[in-house]
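This chain uses plain numbering: 1 for the first residue, then up along the sequence.
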Amino acid sequence: FGAEQVPEVHADHHAIGFVPGTHDVVSAHDGGVSRLHEGGAEDLNQGLDIGQIYRFAFSEQNRNRWLSGWQDNGVNLLDERAHARIIGADGFHCMIDPQDPDILYAAEYFGKIHRSEDAGWSWSEWVSSSGEGVNERGDWDTPMSFSPSHPNRIFVAKNRLYWTDDGGTNWSHTDAISGSEMEVLALSGSDADVAIMARSTQAFRTTDLTSWNPILGLPGLPVTDVLINPEDAQHLWLAFGGYNPEHRVWESDDGGANWSTVGEGLPALPVNAMARDTASGDLYVGTDAGVYVLPTLTGLWTPYKEGLP
């Protein structure tokens with residue numbers, strides 16, 4: 001790691017080998033590729049597009065300001081000033097205040113969240129992952145989100161769903177759901193009391209921000225993402241992992257009481273994320289084979305890959 005005058009090389013090594021005819025060592029690790037040569041470490045990452053981005057966020061007020069959470073390469077800030085790593089370790093969910101682009105949030109693993117009020121120049125721990133209440137341990141990739149209906153409200157999903165209306169001074173919460181921490185969070189834009197959380201093969205819905213009801217009849221596959229129609233809290237979509245071609249994306253018009261399969265044409269691969277164009281109603285999914293789109297009033301998913309790596 002660079003201690004005691006040893007050349008700094010990224011952690012988590014996956015492959016290592018000698019360069020024939022030399023004493024040089026080449027290592028492949030979570031930071032890319034390095035070569036140890038004559039007591040120094042040479043970075044061989046130039047030209048390699050190999051970073052894995054878990055999450056990203058952009059500013060509603062300054063579209064040139066982006067945050068991105070990277071696998072074992074921290075949270076990175078991109079704006080007019082620079083593209084720089086601002087938080088180390090694994091970077092996950094990140095947010096930019098929709099009303100003030102200088103207020104930023106960046107999460108590490110297990111729900112430890114940092115906050116900046118000066119556009120990323122300085123940071124302080126905002127939520128911990130080793131205490132009680134909202135500071136309890138969360139999932140490896142703990143969900144958090146601004147409320148779509150309350151501009152000052154922020155939600156954090158752990159064993160409970162927590163929210164604050166005053167920047168973290170005071171927190172409210174729902175009842176706890178026993179078992180492992182939550183991995184997915186969806187919020188309603190039309191009904192502030194409706195939310196859905198999911199973990200593994202289970203999903204839960206609240207209509208009062210107090211108690212939770214399990215969503216029944218799911219196919220036993222990982223629930224990877226959830227969408228709630230911003231105009232209708234009863235209208236839901238669930239995405240699934242796994243390799244069953246019959247269960248890629250489900251849709252419900254009655255709050256999850258009944259479900260139907262959405263469209264044809266998706267590969268029998270995990271669906272990892274969903275997004276909906278609020279203007280057209282088109283539905284987009286990110287799969288292990290790339291991005292697909294389901295245009296409104298059609299039943300066929302088509303590849304949406306032109307110009308994408």
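- Side-chain N/O atoms of Ser68 and Trp70 include a donor and acceptor closer than 3.5 Å.
- In this structure, Lys158 contributes its side chain and Gly111 its backbone to a donor-acceptor pair below 3.5 Å.
- Side-chain contact check for Asp30 and His10: no donor-acceptor pair (N or O, by modelled atom type) lies under 3.5 Å.
- Using cut-offs of 30° and 60° on the angle between ring planes, the pair Trp66 and Phe58 is tilted.
- Under 3.5 Å, the side chains of His235 and Glu251 contain a donor-acceptor pair of N or O atoms.
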message: Is there a side chain to side chain contact (heavy atoms under 4.5 Å, CB included) between Ile177 and Met197? Walk through the geometry before answering.
response: CA-CA 10 Å; Ile177 301 175; Met197 298 199 298; 3.9 Å; yes
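- The aromatic ring centres of Tyr284 and Tyr304 sit less than 6.0 Å apart.
- Judged by distance alone, the side chains of His83 and Asn76 never bring a donor and an acceptor atom under 3.5 Å apart.
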query: When you look at Tyr292 and Thr287, which way does the side chain to side chain contact (heavy atoms under 4.5 Å, CB included) test go after all the steps?
result: CA-CA 8 Å; Tyr292 287 76; Thr287 76; 3.8 Å; yes
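- Salt-bridge annotation for Arg153 and Asp166: absent, with no side-chain N of the basic residue lying under 4.0 Å from a carboxylate O of the acidic one.
- Thr201 and Leu218 get closest at one heavy-atom pair: O-CD1, 3.8 Å.
- No donor-acceptor contact under 3.5 angstrom links the side chains of Asn258 and Ser260, judged on distance only.
- A side-chain donor-acceptor contact under 3.5 Å links Asn73 to the backbone of Gln71.
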- request: Show your reasoning for whether side chain to side chain donor-acceptor pair (under 3.5 Å) applies to Thr296 and Asp282.
  value: CA-CA 5 Å; Thr296 305; Asp282 294 351; 3.1 Å; yes
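- In this structure, Trp212 contributes its side chain and Asp175 its backbone to a donor-acceptor pair below 3.5 Å.
- Formation of a donor-acceptor pair under 3.5 Å by the Lys305 side chain with backbone atoms of Gly290 is not found in this model.
- When all heavy atoms of Val75 and Gly91 are compared, the closest pair comes out as CG2-CA, 3.6 Å.
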message: For a side chain to side chain contact (heavy atoms under 4.5 Å, CB included) check, start with the C-alpha distance between Trp140 and Phe110, then their side-chain angles and the critical distance, and finish with the verdict.
response: CA-CA 4 Å; Trp140 179 249; Phe110 300 134; 3.5 Å; yes
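- Rounded to the nearest 0.5 angstrom, His247 NE2 and Phe240 CZ are separated by 8.0 Å.
- Neither side chain, Asp97 nor Gln61, offers a donor N or O lying under 3.5 Å from an acceptor on the other.
- Considering all non-hydrogen atoms of both residues, Val134 and Tyr162 come closest at N-CE2, 3.4 Å.
- In this structure, Trp250 and Trp259 have tilted ring planes: the angle between them lies in the 30° to 60° band.
- Of the possible donor and acceptor atoms, none in the side chain of Asp225 sits under 3.5 Å from a partner among the backbone N and O of Ala239.
- The pair Arg199-Glu181 does not count as a salt bridge, with every side-chain nitrogen at least 4.0 angstrom from each carboxylate oxygen.
- Side chains of Asn213 and Ser211: no donor on one and acceptor on the other come within 3.5 Å.
- Side-chain N or O atoms of Ser252 include none that pairs as donor or acceptor with a backbone N or O of Leu236 at under 3.5 Å.
- Checking side-chain atoms of Arg248 against main-chain N and O of Ala268 turns up no donor-acceptor pair under 3.5 Å.
- For His150 (side chain) and Pro148 (main-chain N/O), no donor-acceptor pair under 3.5 Å exists by modelled atom type.
- A donor-acceptor contact shorter than 3.5 Å is absent between the side chain of Asp79 and the backbone of Arg65.
- Residue Trp301 is not grouped with residue Leu297 when hydrophobic side chains (ILVMFWY) are merged at heavy-atom distances under 4.5 angstrom, including chains of intermediate members.
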task: Before giving the answer on side chain to side chain donor-acceptor pair (under 3.5 Å), spell out for His29 and Ser34 the whole-Å C-alpha distance, their side-chain angles and the decisive distance to 0.1 Å.
output: CA-CA 8 Å; His29 44 71; Ser34 299; 2.8 Å; yes
